[in-house]
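See below for the structure under consideration.
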Amino acid sequence: MSDAAFCPRCGDPAPEGATGHTRRERALCNDCYFEDFELVDAPERVEVTVCAHCGAVERGNRWEDVGARDYTDVAIESVSEALGVHVEAEDVSWGVDPEQVDETSIRMHCQFSGVVRGEPLVEEFTVPVKIAKQTCQRCGRIAGDYYASVVQVRAVGERTPTSEETERAREIAEEITESMEATGDRNAFVTEVAEKPEGLDLKLSDTKIGKNVARKLTEEFGGGFSSSETLVTEDEDGDEVYRVTFAIRLPEFVSGDVIDIEGDDGGPVLVRSVQGNLKGVRLTTGEAFEATHEVGDAPDARKLGTRDDAAETTLVAVEDANAVQVLDPETYASVTVARPDYLDTDDAEVPVLKSRAGLHVLPS
Ligand SMILES: [Zn+2]
Ligand SMILES: [Zn+2]
C-alpha cells in the first residue's frame with residue numbers, strides 16, 4: 001500500500017486520484033483538505049491613489065492614465081488585480097458588484113465559484129476600497145508652470161517671423177508632445193506660448209521637445225539654431241537640473257521676397273525656397289537661380305519688395321525676344337521692360353513689381 005492511501009492528518013482513506021501540488025496536500029482526505037481551503041485569496045482592503053485633477057492612477061512609483069470614466073472602474077480593476085484564485089480551481093466564474101458608500105469609499109462585493117477535487121465551491125466576500133486623492137507629478141508641474149526648455153523663434157535681419165512660421169512652431173510643439181504622450185510619456189506638455197514683438201517664445205516641459213521643435217522648424221523654413229544651458233535647480237534626487245534655450249534664427253528672406261543680390265548683375269530674384277540654400281527665379285530672364293552651398297540660405301542681398309507688392313498692369317506690346325512694353329502702374333506711361341520666359345504674351349494683364357531696381361514682370 002502506498003503513502004497516499006491514508007490521510008496523514010486523520011487516518012481516513014484518501015480518495016483515488018486526489019491531487020495537490022505538494023506531497024502533503026496530495027495525501028490529505030477531502031475533509032482535511034477543504035478544512036483550511038480558500039478558493040480566493042483576497043486582500044483585507046484596497047487603497048487606490050488617483051490624481052484629483054486628471055484621474056491618473058498611481059501604480060508603484062509611477063502614474064498611469066487609465067481613461068477611466070469614474071473611480072468605480074478604477075476600483076474594480078484594482079480589486080480584480082489584487083485577487084488570486086487557487087491554482088487547483090477549475091471552471092472558475094466570478095463577478096464583482098461595486099457599492100458606492102461615499103465619494104471616496106466603495107464596497108466591492110465579490111462572488112466566485114469554481115470546482116476543486118470535483119466539489120463545486122462558492123465564495124462570497126466584500127473588499128473595502130478607499131480612493132485616495134493626490135496630485136500627480138504632471139499636474140503638479142503644470143500647476144507650477146514648470147518648464148525645462150525655451151524655444152525662441154526669431155528671424156535674421158530686419159524681419160520678424162511670419163505668422164505662418166510662428167503658427168507652425170506652435171503646431172510642431174503640440175504634435176511632438178502629443179506623440180510623446182501617446183507613447184506613455186506623461187511629462188510632455190507645452191507650458192506657455194508667448195507672442196513677442198520679435199517673434200515667439202515657447203516654454204516646454206522637456207528639453208527633447210525644444211530640440212525637436214528647433215530641428216523641425218528649421219528643416220521646414222531654413223535657418224539654424226543654437227542651444228545654451230542654464231543650471232536652474234536641483235531635483236528631488238539632488239541631480240542638477242538644466243534649462244535649455246534653443247535660439248532659432250530663421251533666414252532673412254522668405255519665399256515670395258524679391259531680392260537684389262550683392263555683387264551680382266543678373267537682375268532681381270524672386271525667392272521660391274530657403275530650405276538648404278536659397279532658390280528662386282530671375283525676374284529679367286525667368287532662369288532659375290540657386291545660391292551656392294557656402295552661401296546657403298543667407299546671401300548678401302537687399303530686399304526690393306514681395307510678391308504681395310505686385311500690381312496688375314496692361315501688357316502693351318511685345319518688342320522682341322528679350323523685351324516687352326507695359327504700363328507703369330503709377331504713371332501709366334508705356335515703358336520697355338525685360339521679358340522673362342514665364343511671361344505669357346497672350347495675357348492682357350501681367351503682375352509687375354516697381355522697386356529701386358526698376359519695373360519687373362513677376363510670374364503670375
Ligand atoms: Zn483527513
Ligand atoms: Zn494628474
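Values in this document were obtained by computation on a predicted structure and should not be read as measured data.
Salt bridge annotation for Glu165-Arg159: present, with a cationic side-chain nitrogen under 4.0 angstrom from a carboxylate oxygen. Of the charged side-chain nitrogens involved, none lies within less than 4.0 Å of a carboxylate oxygen, so that Arg243 and Glu229 do not count as a salt-bridged pair. A salt bridge between Lys216 and Glu171 is absent, with no side-chain N of the basic residue lying under 4.0 Å from a carboxylate O of the acidic one.
More than 12 heavy atoms of other residues, nucleotides or ligands sit less than 6.0 Å from atom CD of Glu81. Crowding of Lys279 atom NZ: a count of heavy atoms from other residues, nucleotides or ligands under 6.0 Å exceeding 12. Open room surrounds NZ on Lys196; 12 or fewer heavy atoms of other groups in view lie less than 6.0 Å from it.
For the pair Pro363/Leu270, a side-chain contact is recorded, criterion being any heavy-atom separation below 4.5 Å from C-beta on. The side-chain heavy atoms of Glu349 and Thr313, taken from C-beta on, include no pair separated by under 4.5 Å. Taking the side chain as every heavy atom from C-beta outward, Trp94 and Gln111 never approach each other to under 4.5 Å.
The aromatic rings of His86 and Tyr33 lie perpendicular to each other, with more than 60° between the two planes, well past the 30° mark.
Remark: side-chain polar atoms of Arg282 are paired, donor with acceptor, to backbone N or O of Gly267 under 3.5 angstrom.
For the pairing with Leu283, the side chain to side chain contact (heavy atoms under 4.5 Å, CB included) check across Asp260, Leu362, Val352 returns one residue only, Leu362.
Through direct or indirect side-chain contacts shorter than 4.5 Å among Ile, Leu, Val, Met, Phe, Trp and Tyr, Leu327 is connected to Val316.
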